[in-house]
Number of protein chains: 2
Amino acid sequence: MKKVVLNDIAVSLGVSKALVSMVLNHQGDKNGISKATQERVWLKAKELNYIPNHIARGLRLGKSMMIGLIVPDIANIFFSRIARIIEDIANKAGYNLIISSSDENIERELQLIRKFTERQVDGLIVASTQSTKAEFVQLKNDGFPIVLIDRSLNINDIDYIGVDNTEGSFHAVNHLIKEGFRKIALLKPGPAHLRNLRDREAGYRKALKNSGIRINERIIREIPFTNLDTKAEDELDELMKLGIDAIFAINNRLAVSTLQFARKRNINIPEQLGLITFDDLDLFEIGHPTVSAVSQPVNQIAEAAANKLLDILRLDRSVKSAQHFLLSTKFIPRESSVYVSQNAEMLSEVL
Amino acid sequence: MKKVVLNDIAVSLGVSKALVSMVLNHQGDKNGISKATQERVWLKAKELNYIPNHIARGLRLGKSMMIGLIVPDIANIFFSRIARIIEDIANKAGYNLIISSSDENIERELQLIRKFTERQVDGLIVASTQSTKAEFVQLKNDGFPIVLIDRSLNINDIDYIGVDNTEGSFHAVNHLIKEGFRKIALLKPGPAHLRNLRDREAGYRKALKNSGIRINERIIREIPFTNLDTKAEDELDELMKLGIDAIFAINNRLAVSTLQFARKRNINIPEQLGLITFDDLDLFEIGHPTVSAVSQPVNQIAEAAANKLLDILRLDRSVKSAQHFLLSTKFIPRESSVYVSQNAEMLSEVL
DNA sequence: CTGTTAGCGCGTTCAA
DNA sequence: TTGAACGCGCTAACAG
């Protein structure tokens with residue numbers, strides 16, 4: 001069955017393509033096409049089951065009505081949630097989303113950016129790996145609509161939506177300190193080049209310093225991405241020997257490793273080891289023990305990003321000055337960060 | 001900065017568009033373009049930072065090199081994993097993915113299918129809500145490449161990849177029975193019109209029947225999608241009063257509800273209540289207790305679907321007879337389904 | 001050998 | 001209400 005195109009309708013009705021196009025785009029009245037003719041066009045379109053070719057229209061209009069979304073990994077729940085929200089907002093404005101994962105790979109990210117521009121996406125939302133800023137600046141200079149999320153690239157000219165990582169971990173670690181924990185280790189993935197993670201570490205250091213606690217570099221541990229699980233175990237074993245009383249896992253992945261480690265070694269959380277982490281998970285709310293976490297406002301990030309991009313798209317290349325939004329996180333205290341002093345522990349055993 | 005198009009290169013080089021197109025598509029040799037000229041074209045293209053317009057090419061070629069993926073919800077980890085794998089495979093073959101969520105809404109799904117065809121996607125992979133088959137049959141008849149995943153629509157002509165739900169839950173419930181559980185309740189979301197879920201229920205019934213256990217309709221409970229959590233609690237309270245000893249949660253969402261319920265009521269799993277579920281989650285492996293689950297081969301499903309679609313695309317509209325693949329699931333026994341008899345329980349208390 | 005011309009694909013728009 | 005041009009890249013046929 002051959003595809004039905006605009007011209008088929010025109011021919012079978014004995015009118016011009018132009019007329020059909022106008023009618024189908026609801027410009028019939030404006031162009032003084034008689035009601036009767038309009039009706040005939042609509043009927044014929046339905047009869048032939050006409051499906052407009054969006055590509056041809058895009059070519060003519062110079063718009064694809066597509067938005068590109070590039071994230072490190074769409075299988076990551078954080079990004080898939082963001083994708084979903086952006087999708088909804090974009091759809092409402094008539095845009096479709098074309099999504100790809102960069103896998104934290106700079107080469108791949110650049111490739112994707114190029115591919116998406118070839119595809120004439122009207123705008124881009126990207127959670128960049130720490131790629132060369134040059135590409136983004138280039139795009140921006142070409143007047144291409146871009147919004148960065150989650151990972152800041154510190155480019156003033158480009159809109160960015162993220163959370164205040166420093167503030168978030170500062171609060172979380174402070175909570176730990178106020179509870180009574182003193183020897184708080186930091187677990188981070190290595191090499192931690194991402195701005196995000198460095199900021200979180202800064203918050204940790206600031207909290208300790210603020211409370212007059214000496215920062216012990218020996219209990220700040222970097223766990224290589226490769227075979228993270230086994231390495232995490234070794235590091236944690238060492239940390240326990242150093243007598244730490246709590247852990248700040250800089251991301252949820254490491255918190256999960258810590259949880260597994262504790263289970264394996266029969267270490268009670270929080271009695272023997274306090275735990276807080278950055279970036280909440282369902283698991284932390286439901287598991288046992290429940291885990292205190294810094295929660296990111298996923299919805300807000302996604303909404304802000306989508307709306308920002310749509311704004312730019314609406315204003316059409318009018319180069320509005322870019323803005324950087326730092327949304328605030330929310331610390332959710334749960335069981336894992338309750339301080340159980342030696343005394344309290346003994347007391348509860350007696351009861 | 002104006003966009004650089006093919007013609008700009010041609011003009012600035014004093015050659016024809018045709019020549020430039022050939023060279024840039026690596027057809028230079030084939031068409032006898034001199035090496036020198038080819039070199040000049042490449043250099044100029046780089047110099048001008050030429051970016052081909054994929055849309056124009058697509059229009060001419062009648063291909064968009066895009067694949068549409070429609071799932072109920074991309075924020076659902078099951079589907080986002082599938083999306084990721086399909087993405088990788090599609091990318092390797094030069095395709096990009098355009099993804100949308102149907103929200104289990106028939107209207108929306110039909111709309112998306114239409115939108116995607118307007119966009120001239122070259123093929124479609126869809127985890128269909130139980131929408132009207134008519135649309136799919138229509139597309140298939142038009143020679144449009146489609147692969148269905150996860151949710152079967154029982155259309156012989158259309159390729160489908162999924163798992164054997166009946167078999168999967170049959171095994172799982174059997175395990176429960178062999179362990180010693182006898183009063184096994186079924187928890188399902190309602191209204192459960194999805195073929196998937198009905199098959200899982202069938203497996204449950206088959207397992208009981210097979211073991212000569214009477215099927216008690218009163219402990220088969222349907223929990224309305226709306227305010228699922230509160231309703232789940234009520235239902236579970238009733239079930240406990242009826243003296244059940246285990247629960248088969250037909251999907252992981254309900255297993256999570258059960259877990260929360262148990263925690264709230266201080267019910268020990270598995271000592272006081274066994275639990276198994278369909279569709280594994282990280283949470284089930286890490287949480288406490290760990291939860292026995294029927295695990296779906298996500299990778300295989302996604303790979304099979306992507307490859308199947310690419311095959312069809314390669315063969316180009318040659319209407320190969322469709323196939324239905326039913327992959328098998330894997331039951332992963334964990335703590336939640338260990339049977340602790342009255343005696344064993346008492347014994348352990350004494351120790 | 002080395003290249004060019006002309007027109008297509010499909011929907012939109014403007015002058016007539 | 002319409003013919004013709006246009007947007008951009010591709011390709012069959014053709015010419016020196």
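Chain naming here is simple, since letters A, B, ... match the order of the sequence lines and numbering starts at 1 in each.
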(request) Using whole Å, report how far NE2 of B:H26 lies from C1' of D:dC10. (result) 15 Å
(request) Consider only side-chain N and O atoms of A:D29 and A:Q38, and report whether a donor and an acceptor are under 3.5 Å apart. (result) yes
(message) Measuring from the side chain of A:V5 (C-beta onward, heavy atoms only), which nucleotide among C:dC10, C:dT12, C:dT13 has the closest atom?
(response) C:dC10
(request) Return the value, rounded to whole Å, for the distance between atom CZ of A:R119 and atom C1' of D:dC8. (result) 16 Å
(request) Give one of base, sugar-phosphate or nothing for A:N31, where a contact means two heavy atoms less than 4.0 Å apart. (result) base
(message) By nearest heavy atom, map A:T37 and B:K17 onto DNA chain D; which one lands nearer the 5' end?
(response) A:T37
(message) Heavy atoms from C-beta onward define the side chain here; which of D:dT2, C:dT12, C:dC10 lies closest to that of A:M22?
(response) D:dT2
(request) Tell me what A:V20 touches on the nucleic acid: a base, only sugar-phosphate, or nothing, going by heavy atoms under 4.0 Å. (result) nothing
(message) Taking the basic N atoms (NZ, or NE/NH1/NH2) and the acidic carboxylate oxygens, is any pair closer than 4.0 Å for A:K308 and A:D311?
(response) no
(message) Quick one: does any side-chain atom of B:D159 pair with a main-chain N or O of B:Q323 as donor and acceptor, under 3.5 Å?
(response) yes
(message) Considering every strand and a 4.0 Å limit on heavy-atom distances, what is the contact class for A:L24: base, sugar-phosphate, or nothing?
(response) nothing
(message) Rounded to whole Å, please give me the gap between CG in A:L6 and C1' in C:dC10.
(response) 8 Å
(request) Give a yes/no answer on whether the side chain of A:N25 brings an N or O atom under 4.0 Å of OP1 or OP2 in C:dT12. (result) yes
(request) Kindly compute the distance separating CG (A:L69) from CZ (A:F116), expressed to the nearest 0.5 Å. (result) 7.5 Å
(request) Would you kindly give the CD1-to-P distance between B:I9 and D:dC8, to the nearest whole Å? (result) 13 Å
(message) Under 4.0 Å, heavy atoms only, any strand: does B:S34 hit a base, just the sugar-phosphate, or nothing?
(response) sugar-phosphate
(request) Choose from D:dT1, C:dG3, C:dG11 the nucleotide whose nearest atom is closest to any side-chain atom of A:R60. (result) C:dG11
(request) Examine D:dG3: is either OP1 or OP2 under 4.0 Å from a nitrogen or oxygen in the side chain of A:S16? Give yes or no. (result) no
(message) For a quick check of understanding: with a heavy-atom distance under 4.0 Å over all strands, which category does B:L61 fall into, base, sugar-phosphate or nothing?
(response) sugar-phosphate
(message) With a cut-off of less than 4.0 Å, is there a side-chain N or O of A:Y50 near OP1 or OP2 of C:dG11?
(response) yes
(request) Choose from D:dG9, D:dC6, C:dG3 the nucleotide whose nearest atom is closest to any side-chain atom of B:A56. (result) D:dG9
(message) In whole Å, I'd like the distance from the CD atom of A:E118 to the P atom of D:dG9.
(response) 10 Å
(request) Indicate yes or no: at least one non-hydrogen side-chain atom of B:R119 is less than 4.5 angstrom from one of A:M66. (result) yes
(request) Take the protein atom CG of B:L19 and the nucleotide atom C1' of D:dG9, then report the distance between them rounded to whole Å. (result) 14 Å
